[in-house]
> 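If you scroll down you'll find the structure; I have some questions about it.
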Amino acid sequence: MLQISVLRDQTELVLAGLAKKHYATGPADVAAILDLDQRRRSLQTSHDAAQAEANELARQIGGLMKAGDKAGAETLKARTAELKLHTQAAAAELTQVEKEQQQLLYKLPNLPHASVPQGRAAQDNEVVREHGTKPTLGADAQPHWELIKKYDIIDFELGNKITGAGFPVYKNQGARLQRALINFFLDQARNAGYTEIQPPILVNEASGYGTGQLPDKEGQMYHDAKDDLYLIPTAEVPLTNIYRDEIIAPDKLPVRMAGHTPCFRREAGSWGADVRGLNRLHQFDKVEIVQITEPDQSYDALEAMLAHVESLLQQLNLPYRVLRLCGGDMGFTSALTYDLEVWSAAQGRWLEVSSVSNFETYQANRLKCRYRADGGKTQLLHTLNGSALALPRIVAALLENNQTSTGIDLPLVLHSYCGFERIG
């Protein structure tokens with residue numbers, strides 16, 4: 001959530017940032033928020049002045065009573081009663097104005113970093129670099145959805161029977177490959193200095209608002225109305241919310257956490273060739289890394305997180321590219337996002353497998369996640385997160401890129417984790 005002081009003091013900067021993100025109602029929303037803020041401050045001033053006058057009158061009433069001036073005391077008591085009604089009305093109106101302002105602030109996306117390129121959609125994203133050589137497959141090469149049938153490692157029909165479309169069943173070497181990748185990613189995160197956390201996969205509404213999934217992505221989340229809990233779309237939500245309403249000591253920073261969870265996304269409206277097989281699921285596994293840092297260190301942390309994710313792809317021998325997302329393709333809460341895509345040889349296209357983002361103070365302001373800076377004043381921290389990594393498209397690329405006529409050769413780094421070197 002944007003800080004009201006930023007909207008008030010840097011209005012033109014805010015409007016330019018919202019325009020870069022193609023947030024169409026930015027000018028109207030900002031104007032409404034500033035109008036409410038002016039009203040809020042006026043109400044607060046009136047409330048405080050009335051309260052101060054009432055406190056002074058209470059002191060005077062005591063003196064008059066001691067002096068035996070009962071009539072004078074009663075006059076002041078009548079004025080005090082008027083002030084009480086005024087403060088009660090002002091407080092009630094102030095609560096309503098603050099609520100309206102808060103709801104409008106929740107609607108505003110984060111402002112993009114200066115380095116974010118202009119653009120509306122994925123084709124406008126900036127390719128930062130490519131790494132690795134795309135494999136050349138034979139004419140008989142198959143996409144992963146055919147390979148998983150051939151080797152009986154994932155069953156979409158069975159998942160559809162048990163639950164519905166988008167909930168595959170992993171079995172045999174497919175199940176073992178899933179477990180191997182999870183353990184490999186977690187071990188790599190631990191070696192990089194991240195503390196492993198196993199969080200809940202259901203969160204309350206406050207957690208959803210804390211990291212910005214609510215109200216922006218409410219329609220994409222699975223919700224249990226009876227208990228008012230949400231299945232997480234990513235471990236970012238519970239991990240970051242560990243520090244909601246916390247003041248972190250400077251010597252405990254940066255906070256580095258990693259967690260493996262299943263992730264749940266409704267993916268409403270998704271259809272077509274891009275969702276075939278493992279390309280898009282309603283349930284999938286992912287290892288997430290999260291950092292909470294002092295503001296002047298967050299962009300160094302972002303580059304370190306990006307390098308960590310790249311190292312995973314390099315060890316898996318997967319050709320990949322790094323994109324800097326344009327304003328129109330960025331996430332609601334992000335100030336700067338790098339996407340990493342792997343090459344899917346049989347499909348002949350790039351598949352996104354990770355997003356690494358810096359949210360600056362946007363989430364921290366919602367979370368009230370702070371630290372005590374020099375001089376003892378509390379300041380908002382910066383939060384960051386990255387997929388390290390999401391499994392489905394990694395598995396798709398591993399199967400397609402490493403297929404041979406006799407099986408699928410797995411990268412060396414996975415042999416000890418899997419307990420086998422090839423599928424088939």
Side-chain angles (χ1 to χ4, degrees), residues 1-4 6-7 14-15 17-30 32-33 36 99-113 116 119-122 125 201-225 228-241 244 261 263-270 280 282 286 288 290 325-339 352 354-369 380 382-387 390:
M1 184 170 65
L2 298 178
Q3 298 175 71
I4 187 62
V6 174
L7 272 73
V14 170
L15 291 174
L18 295 177
K20 195 174 190 178
K21 276 201 166 180
H22 298 276
Y23 183 72
T25 61
D29 288 350
V30 170
I33 290 168
L36 286 167
K99 183 178 180 180
E100 291 177 22
Q101 185 185 63
Q102 185 87 340
Q103 291 305 310
L104 280 175
L105 282 169
Y106 278 142
K107 287 177 57 182
L108 292 183
N110 199 1
L111 302 180
H113 187 264
V116 170
R120 284 187 173 273
N125 293 333
I201 60 173
L202 283 162
V203 295
N204 55 31
E205 185 179 70
S207 293
Y209 273 92
T211 45
Q213 276 67 33
L214 298 176
D216 177 55
K217 291 183 172 59
E218 187 170 15
Q220 294 293 342
M221 296 175 72
Y222 288 98
H223 180 224
D224 172 32
D228 197 19
L229 295 175
Y230 294 84
L231 281 167
I232 61 169
T234 166
E236 165 202 344
V237 181
L239 290 180
T240 312
N241 270 279
R244 173 158 45 94
T261 64
C263 303
F264 303 87
R265 300 182 186 179
R266 293 185 63 242
E267 298 288 5
S270 297
R280 186 160 298 176
H282 294 307
K286 179 157 65 85
E288 192 82 357
V290 169
L325 298 193
C326 69
D329 199 36
M330 291 175 64
F332 182 84
T333 54
S334 174
L336 176 61
T337 294
Y338 291 110
D339 268 8
E352 179 199 333
S354 175
S355 288
V356 185
S357 300
N358 188 348
F359 306 104
E360 296 186 357
T361 61
Y362 189 87
Q363 288 183 333
N365 191 31
R366 288 171 171 244
L367 295 159
K368 299 296 178 277
C369 177
L380 293 173
H382 281 195
T383 62
L384 308 93
N385 82 275
S387 310

> His22 side chain to Asp329 main-chain N or O, any donor-acceptor pair under 3.5 Å?
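No, because the side chain of His22 does not come within donor-acceptor range (under 3.5 Å) of the backbone of Asp329.
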> Measuring from Leu15:CG to Lys20:NZ, what's the distance to the nearest 0.5 Å?
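Reported to 0.5 Å precision, the distance equals 14.5 Å.
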> Hey, does the side chain of Lys217 reach the backbone of Pro233 with a donor-acceptor pair shorter than 3.5 angstrom?
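No; judged by distance alone, with no hydrogens or angles, the pair does not exist.
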> As an exercise, state the distance from CZ of Arg366 to CG of Leu214, rounded to the nearest 0.5 Å.
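It is 8.5 Å, given to the nearest 0.5 Å.
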> For the pair Leu18 and Leu111, evaluate side-chain contact (heavy atoms from CB on, under 4.5 Å) and give the outcome as yes or no after the intermediate values.
CA-CA 6 Å; Leu18 295 177; Leu111 302 180; 4.0 Å; yes
> Minimum heavy-atom separation for Gly331 to Lys21, with atom names?
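Taking Gly331 first and Lys21 second, the nearest heavy atoms are O-NZ, 2.9 Å.
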> Kindly say whether Phe332 contributes a backbone atom to a donor-acceptor pair with the side chain of Asp216 at under 3.5 angstrom?
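No: the side chain of Asp216 does not pair with the backbone of Phe332.
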> Indicate yes or no for a side-chain donor-acceptor contact from Ser387 to the backbone of Ser354 under 3.5 Å, with no hydrogens or angles considered.
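Pair absent, no side-chain N/O of Ser387 close to backbone of Ser354.
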> Within a strict 4.5 Å, meaning less than it, do heavy atoms of the Val237 and Tyr230 side chains meet?
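No, their side chains stay 4.5 Å or more apart.
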> Please confirm whether the backbone N or O of Glu267 pairs with a side-chain atom of Gln220, one donor and one acceptor, at under 3.5 Å?
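At least one qualifying donor-acceptor pair exists.
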> Which of parallel (below 30°), tilted (30 to 60°) and perpendicular (above 60°) describes Tyr222 and His282?
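Geometry flag for His282 against Tyr222: perpendicular rings.
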> Give the minimum heavy-atom separation between Arg244 and Ala206, together with the two atoms involved.
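Closest pair (atom of Arg244, atom of Ala206, distance): NH1-CB, 3.6 Å.
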> Go through the steps to decide whether Val6 and Val14 satisfy the test side-chain contact (heavy atoms from CB on, under 4.5 Å), and finish with yes or no.
CA-CA 8 Å; Val6 174; Val14 170; 3.9 Å; yes
> Report yes if the side chains of Leu384 and Val290 come closer than 4.5 Å at any heavy-atom pair, otherwise no.
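A side-chain contact under 4.5 Å is absent here.
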> Does the Lys368 side chain pair with the main chain of Asn365, one donor and one acceptor, at a distance under 3.5 Å?
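Indeed, once roles are kept as given, a pair shorter than 3.5 Å links the two residues.
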> For Leu2 and Leu7, work out which heavy atoms get closest and say how close.
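For Leu2 versus Leu7, the nearest heavy atoms are CB-CD1, 3.6 Å.
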> Drop me the distance from Ile201's CD1 to Leu229's CG, to the nearest 0.5 angstrom.
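With rounding to 0.5 Å, CD1 (Ile201) is 11.0 Å from CG (Leu229).
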> What's the spacing between Gln363 CD and His382 NE2 if we round to 0.5 Å?
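Reported value, rounded in 0.5 Å steps: 11.5 Å.
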> Just how far is it from atom NZ of Lys107 to atom CD1 of Ile33, taken to the nearest 0.5 Å?
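One finds 8.5 Å between NZ of Lys107 and CD1 of Ile33.
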> Show your reasoning for whether side-chain contact (heavy atoms from CB on, under 4.5 Å) applies to Gln213 and Val203.
CA-CA 11 Å; Gln213 276 67 33; Val203 295; over 6 Å; no
> Donor-acceptor pair, Asn125 side chain versus Cys326 backbone, under 3.5 Å?
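Side chain of Asn125 to backbone of Cys326: a pair is present.
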> Under 4.5 Å between any side-chain heavy atoms of Met1 and Gln102, yes or no?
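Yes, their side chains come closer than 4.5 Å.
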> To the nearest 0.5 Å, what is the distance between CG on Asn241 and CD on Glu236?
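Output value for this atom pair is 9.0 Å.
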> Are any side-chain N or O atoms of Asn110 and backbone N or O atoms of Phe359, one a donor and one an acceptor, separated by less than 3.5 Å?
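Between the backbone of Phe359 and the side chain of Asn110 there is a qualifying donor-acceptor contact (under 3.5 Å).
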> Please find the pair of heavy atoms, one from His223 and one from Asp228, that lie closest to each other, and give the distance.
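For His223 versus Asp228, the nearest heavy atoms are NE2-OD1, 2.9 Å.
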> Under the side-chain contact (heavy atoms from CB on, under 4.5 Å) criterion, do Glu360 and Thr383 qualify, and how do the steps go?
CA-CA 6 Å; Glu360 296 186 357; Thr383 62; over 6 Å; no
> Ser355 pairs by side-chain hydrogen bond (donor to acceptor under 3.5 Å, both in side chains) with which of Asn385, Thr337, Asp339, Thr234?
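Testing each of Asn385, Thr337, Asp339, Thr234 against Ser355, the sole residue satisfying side-chain hydrogen bond (donor to acceptor under 3.5 Å, both in side chains) is Asp339.
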> Looking only at heavy atoms, which two atoms of Thr261 and Ala235 are closest? And how far apart?
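Closest approach of Thr261 to Ala235: OG1-CB, 3.6 Å.
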